[in-house]
Visitor: 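Okay, here's the structure, questions in a sec.
Here the structure is a predicted model, which is why all the values come from computation and not from measurement. Computed over heavy atoms, backbone and side chain alike; hydrogens, waters and symmetry mates excluded.
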Amino acid sequence: MKKFATAIILSAMATAMPAAAETPAYGLISIPAASMRTEGRHAAEMSTQAVMGTPIEIIDQNGEWYNARTPEGYEAWIPVSSVAVKTADEMHRWRDNDNRYVVTDLWQTRAYTTPKASGPRDVVTDLVLGAIVCADPATVSDGRIEITLPDGRRGWADSSSLTPIADWADQPFDAEKILSTAYSMEGTPYLWGGTSVKAIDCSGLVKVSYLNNGIILLRDASQQARTGLRLEAEAWRDYQPGDLMFFGNASTGKVTHVAIYDHNGRYVHSSGRVKRNSVDPESPDYLYSPLHSVRINGHEGTEGITRVINHPWYFNL
């Protein structure tokens, strides 16, 4: 079972990271999409992912694995090779760095060895939506900017694919942007634990789509279902774009699936693949009815809904 503790996430979002311990205490994800598992072994169930540049707290180490906590308070095991370990001072400087950029290209982009390189042997890394890198805006050449990855590697990426972190982290709520992000992944395969545009699960689709609007949500559908303003199932005609719809066992109320509502009964979700369906029983695209919905819009700052600009792991507040 995936691990989550309300007390932990509230503490993480209200205070800075704790002092460094014998085990490295901090890190940044150093690969495009790092898989995190229920146990420290590759055969264990994947419970979540984190994309490049995501700050993590390292809780423990077992050989080649770190037990780590993500910004939303999720705990899982990640290979040491997927993390660029940082000291407390390095993390403080990273959070203060105005020359951080976020990948906001809806499709995967790449960093190359030079401003003009474009061949397959010139690739430094691919970069997925939400990745955070450092860059000097003075280095722009031929439409590319020189970037530094969390582990110190350097490359050149299209400047049009990157947004200054302060602008990304402090956006107004934009349902159309959230929905466009989700729709841009249409056809992307479902992957249990997936939280990147490469492959994604249902709550991962919600999380990635909202993160592109600068909002951190909880990891699992059952957790997301307890946030925001609750809306009842029978009121679906009054739902607003961006509301989250939850599905599951009607007799027990157990939530097992989540979708993002659009309009006129339509929603987008990841079930087998990212696709569109309808909550309207009269629609040919009807799939199933929700248990309930929640509204995130207007409830940023409440438990489980955090704007990146207000998260102490991203900025020195």
Visitor: May I ask you to check if R226 and F246 form a cation-pi contact, with NZ or CZ under 6.0 angstrom from the six-membered ring centre and within 45° of the axis?
Guide: no
Visitor: side-chain hydrogen bond (donor to acceptor under 3.5 Å, both in side chains) for E45 and W192? Distances and angles first, verdict last.
Guide: CA-CA 9 Å; E45 175 189 343; W192 177 266; 2.6 Å; yes
Visitor: Taking NZ, NE, NH1 and NH2 as the nitrogens, is one of them in K207 or E72 under 4.0 Å from a carboxylate oxygen of the other?
Guide: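 Salt bridge: yes.
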Visitor: Quick one: salt bridge (charged side-chain N to carboxylate O under 4.0 Å, His left out) partners of D285, sequence neighbours excluded?
Guide: R266
Visitor: Do D122 and K116 meet the salt-bridge criterion of a basic N to acidic O distance under 4.0 Å?
Guide: no
Visitor: Among side-chain atoms of Y74 and D220, is any donor-acceptor pair under 3.5 angstrom?
Guide: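 Y74 vs D220: donor-acceptor pair found between side chains.
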Visitor: Could you walk me through whether S160 and D158 satisfy the side-chain hydrogen bond (donor to acceptor under 3.5 Å, both in side chains) test, starting with their C-alpha distance in whole Å, then the side-chain angles of each, then the deciding distance to 0.1 Å, before giving a yes or no?
Guide: CA-CA 5 Å; S160 61; D158 290 342; 5.0 Å; no
Visitor: Assess whether atom CG of D98 is packed by more than 12 heavy atoms of other residues, nucleotides or ligands within 6.0 Å.
Guide: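 Open: at most 12 neighbouring heavy atoms sit under 6.0 Å from CG of D98.
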Visitor: Do Y101 and T104 pair up side chain to side chain, a donor and an acceptor below 3.5 Å, judged on atom types alone?
Guide: no
Visitor: Between R276 and Y183, is NZ or CZ placed under 6.0 angstrom from the six-membered ring centre and within 45° of the ring axis?
Guide: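 Yes, a cation-pi geometry.
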Visitor: Could you list all the salt bridge (Lys or Arg N to Asp or Glu O under 4.0 Å) pairs where at least one residue sits in residues 101-113, not counting sequence neighbours?
Guide: none
Visitor: Side chain of Q224, backbone of L218: donor and acceptor closer than 3.5 Å?
Guide: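 A pair under 3.5 Å: yes.
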Visitor: With a 4.0 Å cut-off, would you call D151 and R153 a salt bridge?
Guide: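 Between R153 and D151 there is a salt bridge, with a charged N closer than 4.0 Å to a carboxylate O.
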Visitor: Hey, mind stepping through E39 and R41 against salt bridge (charged side-chain N to carboxylate O under 4.0 Å, His left out) and telling me if it holds?
Guide: CA-CA 6 Å; E39 300 176 45; R41 54 191 183 91; 3.1 Å; yes
